[in-house]
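As structure tokens, the structure follows; a few thoughts come after it.
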Amino acid sequence: MGNSLAAKKKYRENNTIRTKAYTTQARWETVQLEVLRREEELEIVMRWQPGEPKYEQMAHELKHRKYWISLDQLKTLVVQRLFKLTKLGLSGTVRYKLREKIGKALKTCAEAIKKALLEYNACAAELSPLGEAPSWNNILDMSTLANFDLLRGTGQDVCALPWAKPTHRRAMNLYFNIKHAREEIARLNVEISQLFTYMIDEHYHYYDAIATSLLTNNCLLTNCHSIGSTVRSSTFGSSSTYFKLPSSTAHR
């Protein structure tokens, strides 16, 4: 009985190995046909061989490409985990069922991060010089994005770009502040003229109402006169100080 079970188990294992061999062979043939088709289209006669400069250069670039892809995947998962932790830590805004759901999502995310971390460390070990290789404990200790140093690593070093320098950023902010201030002066000159026109029109409309009330209600006329003197002193007392802001062209 025992020999029969062992034979069946060995038979299943052989079938599994045979199936993997067939599928691997089929995949290799598919890729090989695609490579031959591309070589024919690009008129490639000789393939690069190991040890040649172009071969080594492309191998180096492929390693870095694989590294950046694994790094992006790891960063995405870690940032998602930090956002879930932040949402879970909000007191009074997350209900029990939502907390339970977020907790399950964190467990699933932790497993994905472990796999992505293994892939990233394997790719980082192939680089020269070696890339940073964080451990699972390092990721668990990250509570904010500021602790995640891997966010600084990208396919392009942005720190070397001109806009990343503090002096350049301050100069850029100052330039746009001056530019928008000139636009604001142009808008204010239009609004000031509109406001002054409204003040004049209100003055004439008010005295037109007083002239109309002369024939109807003397008590209302007395009250309108008292209010009119107050409005005239407050409105046209400041009209003498009306001015127009300097044009933006004067600063150019």
Side-chain angles (χ1 to χ4, degrees), residues 68 71-72 75-95 98-99 101-102 105 142-252:
W68 292 123
L71 176 58
D72 290 340
K75 287 193 293 186
T76 300
L77 292 172
V78 172
V79 171
Q80 288 177 356
R81 176 180 177 272
L82 292 178
F83 284 152
K84 289 184 176 67
L85 287 175
T86 303
K87 191 173 183 179
L88 190 62
L90 296 176
S91 59
T93 59
V94 181
R95 298 182 179 179
L98 184 57
R99 282 178 174 270
K101 186 176 180 181
I102 295 175
M142 296 175 186
S143 56
T144 61
L145 291 178
N147 303 130
F148 192 27
D149 293 336
L150 285 179
L151 284 175
R152 302 173 185 174
T154 59
Q156 182 183 15
D157 187 8
V158 297
C159 296
L161 296 178
W163 56 263
K165 298 180 180 179
T167 53
H168 292 183
R169 290 202 302 272
R170 286 195 294 269
M172 181 175 62
N173 291 336
L174 181 60
Y175 167 76
F176 283 110
N177 287 339
I178 295 174
K179 183 177 181 180
H180 291 307
R182 291 172 178 171
E183 295 175 357
E184 185 68 18
I185 289 174
R187 287 194 296 268
L188 287 176
N189 284 333
V190 175
E191 293 176 4
I192 289 173
S193 301
Q194 293 173 345
L195 177 61
F196 190 67
T197 303
Y198 167 77
M199 293 164 59
I200 295 175
D201 291 343
E202 186 183 28
H203 171 75
Y204 285 113
H205 290 320
Y206 188 80
Y207 278 96
D208 183 63
I210 292 177
T212 304
S213 65
L214 287 173
L215 304 175
T216 57
N217 193 336
N218 290 331
C219 294
L220 179 62
L221 176 63
T222 304
N223 191 21
C224 287
H225 271 299
S226 60
I227 297 176
S229 60
T230 304
V231 172
R232 184 171 60 253
S233 61
S234 62
T235 301
F236 289 94
S238 60
S239 64
S240 59
T241 60
Y242 166 72
F243 65 94
K244 183 177 181 181
L245 294 176
S247 174
S248 59
T249 57
H251 298 275
R252 295 177 182 175

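All values below come from the heavy atoms of this structure, side chains included, with hydrogens, waters and symmetry mates left out.
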NE2/H180 to OH/Y175 distance, rounded to the nearest 0.5 angstrom? 9.0 Å
Spatial distance of atom CG (D72) from atom CG (L77) [nearest 0.5 Å]: 11.0 Å
Listed by chain and number, what are the salt bridge (Lys or Arg N to Asp or Glu O under 4.0 Å) partners of R170, not counting sequence neighbours? none
If you round to the nearest 0.5 Å, how far is CD of E184 from CD of E191? 7.0 Å
How many angstroms lie between CZ in R169 and CE in M172, if you round to the nearest 0.5 Å? 8.0 Å
Mind checking the OG1-CD1 spacing from T197 to I192? Nearest 0.5 Å is all I need. 11.5 Å
My understanding is that only residues two or more places apart in sequence, or in another chain, count here; which of them pass side-chain contact (heavy atoms from CB on, under 4.5 Å) with H205? D201
